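In what follows, a single structure is set out as structure tokens and then discussed.
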Amino acid sequence: MNPRLVGLLFLCVCTALAESEYIKYKDPQQPINTRIRDLMRRMTLGEKIGQMMQLERANITPEIMRNYSIGSLLSAGGSVPRPRATPEDWVNMVNYYQNGSLSSRLGVPMLYGVDAVHGHNNVYKATIFPHNIGLGATRQVYNP
Ligand SMILES: *[C@@H]1O[C@H](CO)[C@@H](O)[C@H](O)[C@H]1NC(C)=O
Ligand SMILES: *[C@@H]1O[C@H](CO)[C@@H](O)[C@H](O)[C@H]1NC(C)=O
């Protein structure tokens with residue numbers, strides 16, 4: 001056999017083994033502190049910084065989530081997937097960005113934040129709770 005081909009085969013086998021390597025922080029059977037220590041030990045400074053960020057979704061792509069290991073994304077007030085978006089549109093949008101995070105070097109999933117008041121008020125037709133009326137009612141003097 002051609003020695004170069006043998007070298008190439010050896011390289012391929014090693015790559016396959018590396019991909020199936022046991023990764024402690026991904027093992028739910030491990031105690032949480034063990035998983036945290038293992039993950040922290042693997043993270044670069046850039047990944048730690050990325051994990052502490054929360055970015056507004058409007059100008060973000062899954063590629064940005066992946067490349068910079070961004071920890072959290074936010075829908076600020078009115079930042080919806082599209083006008084009159086359905087719950088399914090929301091799920092698809094979150095999964096779209098989550099794909100980027102899960103594809104990052106360490107595959108840490110992102111958190112998704114929503115700036116919502118009085119119920120999930122960014123979601124079209126969601127129930128809105130009249131919170132301010134309730135707050136106002138607490139100021140009513142009890143006078144039997
Ligand atoms: C993400 O990383 C890839 C590979 O290094 C690079 O080609 C691409 O331009 C980067 N994209 C962004 C938005 O950083
Ligand atoms: C992200 O999406 C691509 C294209 O649909 C898919 O091939 C890939 O497996 C997904 N990655 C993850 C981590 O879900």
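All residue numbers refer to positions in the sequence shown, counting from 1. Computed from a predicted structure; not experimentally measured. Remember, it's 1-based here, ligands and their atoms both numbered in the order they're listed.
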TODO: Under 4.0 Å from a heavy atom of Asn99: give me the atoms of ligand 2 that qualify, with their elements.
DONE: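 Here the atoms of ligand 2 in question are 1 (C), 2 (O), 3 (C), 8 (C), 10 (C), 11 (N), 12 (C), 14 (O).
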Task: Proximal atoms of ligand 2 relative to Leu102 (non-hydrogen, under 4.0 Å) - done: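 In order of number, 13 (C).
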- [ ] Please check if the side chain of Ser104 supplies one atom and the backbone of Ser69 the other of a donor-acceptor pair under 3.5 Å.
- [x]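 Flag not set: sc Ser104 to bb Ser69 has no pair under 3.5 Å.
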- [ ] Decide yes or no for Lys24 and Arg35: does some side-chain heavy atom of the first lie under 4.5 Å from some side-chain heavy atom of the second?
- [x]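 Answer no - side chains too far apart.
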Task: Side-chain donor-acceptor contact under 3.5 Å, Arg66 with Ser103 - done: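 No, because no side-chain N or O of Arg66 sits under 3.5 Å from a partner of the opposite role on Ser103.
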Task: Contact list for residues 28-84, test ring pair (Phe, Tyr, Trp, His ring centres under 6.0 Å), sequence neighbours left out - done: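 Listed by first then second residue: nothing to list.
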TODO: Tell me whether Leu102 is reachable from Leu39 by hopping between hydrophobic residues (I, L, V, M, F, W, Y) whose side-chain heavy atoms are closer than 4.5 Å.
DONE: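 Shared cluster, no.
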Which protein N or O atoms sit under 3.5 Å from any N or O of ligand 1? Give each pair with its distance.
from: ligand 1; atom 1: 2 (O); to: Asn67; atom 2: OD1; distance (Å): 3.2
from: ligand 1; atom 1: 2 (O); to: Asn67; atom 2: ND2; distance (Å): 2.3
from: ligand 1; atom 1: 11 (N); to: Glu63; atom 2: OE2; distance (Å): 2.7
from: ligand 1; atom 1: 11 (N); to: Asn67; atom 2: ND2; distance (Å): 2.9
from: ligand 1; atom 1: 14 (O); to: Asn67; atom 2: ND2; distance (Å): 2.9
from: ligand 1; atom 1: 14 (O); to: Tyr68; atom 2: OH; distance (Å): 3.1

Task: Separation of Leu106 CG from Lys26 NZ (nearest 0.5 Å) - done: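 Going from the NZ atom of Lys26 to the CG atom of Leu106 covers 7.5 Å.
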- [ ] Quick one: pull up CE in Met65 and CG in Asn99 and give me the separation to the nearest 0.5 Å.
- [x]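 One gets 11.0 Å once the value is rounded to the nearest 0.5 Å.
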